[in-house]
Each structure stands twice: as C-alpha cells, then as structure tokens.
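Convention: sequence-line order gives letters A, B, ...; per-chain numbering from 1.
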Amino acid sequence: MIKRFSYKPLNVAVDIDAMRIGYPCINRTLDCSANKTFRLKSYSEERLVETVDNNLRCLKEILAFNVDHDIYFFRITSDLVPFASHEINTFNWQNHFSGAFQELGDFIDERDMRVAMHPDQFIVLNSIHEHVYERSLAELRYHAEMLDLMHVDATAKIQIHVGGVYDDKEASMERFAGRYNELDDQIKKRLVVENDDVSYTIEDCIQIHEMTGIPVVFDYLHHHVKRSDGSLNEILRRVDATWSDYDGLPIYDYSSQEPGERAGKHAEHIDRHDFTDFLEKTKEHAFDVMLEIKDKEKSAIDAIEAARQKDLL
DNA sequence: CAGTGTCAAGGTGGA
DNA sequence: TCCACCTTGACACTG
C-alpha cells in the first residue's frame, strides 16, 4: 500500500497514511440538520440569523460525529447560509458569524479533516446568459468567502461542472476557460471542475485543465455513464497530474449504481464489493474519495470498514 | 397534525 | 414548444 500525504497550511507534508473517505452535506443519524432554510417569502433578518445559528451548530455536531467515526472528509452544504448571494440579503453575515466560522475551521484544521463544497446546478460559469453568469459568480463568491472565514487552506475545494453546451461544445469550453481565467484568486484557488453524466467527459475536463490549470475532480459513476476512451488508470494518471501540492490530494467522487434504475442513478446504500473493487483498481493513485450515496454516513462507515477488512485503507 | 405541492436560481432531451 | 428530470430535503400551506 502506498503512503498517502496531506498538506498542512504550513506547507509541510504530513504523513497520514490513509486516504480520507467522506460523504456529502447531510447526516441522517443525527437529529440535527445544517441545511435548514426557509422560503424567500418568509425572509427576515431575524429568520436568517436564527437559521444560520442552527446550521452552524449542526455542522459542528456533524463534524464531531464524523471524527468519532473516522470520517475525515465532508462536503459542506451550500444551504448553510440561506439566500447568501440573493439580493434580498443585505445582512453582513460574514461579519456576524465570523467567530463561529473560525471556530469550525479550527476544529477542521486541528483534526486534519478536509472539507469541500459543491454548488448546485444553477451555477453555470459558461452560461450564454449574462445574468446567469453574474448570479453564478455571486454564488461562487459566497462559497469562497465562507471557506475563507473558516481559514481552511486551499485544499478545501469548490467543485462545479463545466456547464451548458448550447449546441457548440468547443465554444462553450472556451467560454468556461476565458471566464475561469478572469476570476480573482479568492475563487480561483478553490475552484475545481468535475465530469458530468450528460455533456462533459473527463477528457473534456482535462482539456479545460490544459487551457486554465484548473484541477479536475474525477466522478466514477458519471464516467461509467458517459465514458471517454482510454484505460481507467491512464485517465486517472492524467487527472492526478492536474493537482498540485497546494491543492492537496485529488478528489474522486464515487457512487454505486442503483440496481435496476436509470444509468447514473445513485444507490440507496453502498455496494461494498463494488467499492473495494474500485479501490483495488485505483490502488496506484493517492486521493480522497467522496461517497455520493443516499444513506450518507451509513455508507461511509460501511465503506471504511470494508476497505479496512481488505487492507485497502 | 398529517399529507403534499412547491421552492431563487439552469440545461438537456424526449414528447 | 413544453415539461419531466436531475437530486433532495424540507418548508409551509391545505384539509
């Protein structure tokens, strides 16, 4: 088993001897949700503060649960601050919650955890609509500000997809690259791009890396659904090369296919055999893996156990 | 109080 | 041209 490394903020390589396995956003065991929100119609500053207070408290609880279960990778929900980038929100949440964010960041840092975020489908950097592009920028700003307020290093990534095709893929990829290159460092240092199951393959993402330097997240199931040519290991070697020490280990997203459902549909629970098979196949690579499985932490706990049993962790 | 239609936001592809 | 789907929870209204 090869050694795996993580990079602390001091830029000193620390041997942690194991990949991090994580899950996204929600913990179903705890009765505490960091995704609490409310309707735009019910917006008030009071409601916002109350909701964010709850969300930050629950995020802390979830992270503590994770440490107790040896889970060192977690995707933070984009709903942590509802309407953060919406024009209705004129409240200085950054300032108001800076202490709480810092506290969360310290917790993450002290335990050598890694976090990431994944803004949802409405964030389209390469949109042909100016207003969509501008809203996307504002939303990316919110994500970056939040991670900055936690003072987590540049290994805490924000992952997005390339976006739309608009009947001209080449032009759309170039538009993505042009807009990425114009971003300021606050966003750029965290942004990474991931293959999707409809439009952009891992090869496309690697091509965009060549145009921009952006690191590439490998999504295993999307790759399975919308395949590029080339062997898995060959592609992963190229993916790994898009990540520098500054960015931390490459991130792979893994999910099992739900049996008997549409190709690409995420499974209810992890298929342990399929997962350890995936780890066997990717043995030569050092990475952190995010499990996109519906039952979340239950699958993560199972995955860690399964990997340990086969001496893959 | 349980059931359920709907929620800030986009893009694709099938009907 | 329109609508379901993505992925998903949870809000908030209705009966």
For A:R28, enumerate each residue passing the salt bridge (charged side-chain N to carboxylate O under 4.0 Å, His left out) test, keeping only those at least two apart in sequence or located in another chain. none

For B:dG11, does OP1 or OP2 lie under 4.0 Å from any side-chain N or O of A:S127? yes

May I ask you to check if A:K169 and A:Y200 form a cation-pi contact, with NZ or CZ under 6.0 angstrom from the six-membered ring centre and within 45° of the axis? yes

Assign A:I26 to base, sugar-phosphate, or nothing according to its heavy-atom contacts below 4.0 angstrom with the strands shown. sugar-phosphate

Treating a pair as Watson-Crick (purine N1 to pyrimidine N3 plus N6-O4 or O6-N4) or G-U wobble (N1-O2 and O6-N3) with both distances under 3.5 Å, list the stems of 3 or more consecutive pairs that involve DNA chain C. B:1-7 with C:9-15, B:10-15 with C:1-6

Of B:dA8, C:dT8, B:dG10, the nucleotide closest to the side chain of A:H131 is B:dG10

side-chain hydrogen bond (donor to acceptor under 3.5 Å, both in side chains) partners for A:D70, two or more places apart: A:R308

Heavy atoms under 4.0 Å, any strand shown: does A:E292 hit a base, just sugar-phosphate, or nothing? nothing

A:K36 side chain N/O closer than 4.0 Å to the phosphate oxygens (OP1, OP2) of C:dC11? yes

Remember a base hit wins even if backbone is also touched, and classify A:R39 as base, sugar-phosphate or nothing at under 4.0 Å, heavy atoms. base

OP1 or OP2 of B:dC7 sitting under 4.0 Å from any side-chain N/O of A:T37? no

For A:Y166, answer base if it contacts any base atom (sugar-phosphate contacts may also be present), sugar-phosphate if it contacts only those atoms, and nothing otherwise; contact means non-hydrogen atoms under 4.0 Å. sugar-phosphate

Indicate whether OP1 or OP2 belonging to C:dA10 is found under 4.0 Å from a side-chain N or O atom of A:S33. yes

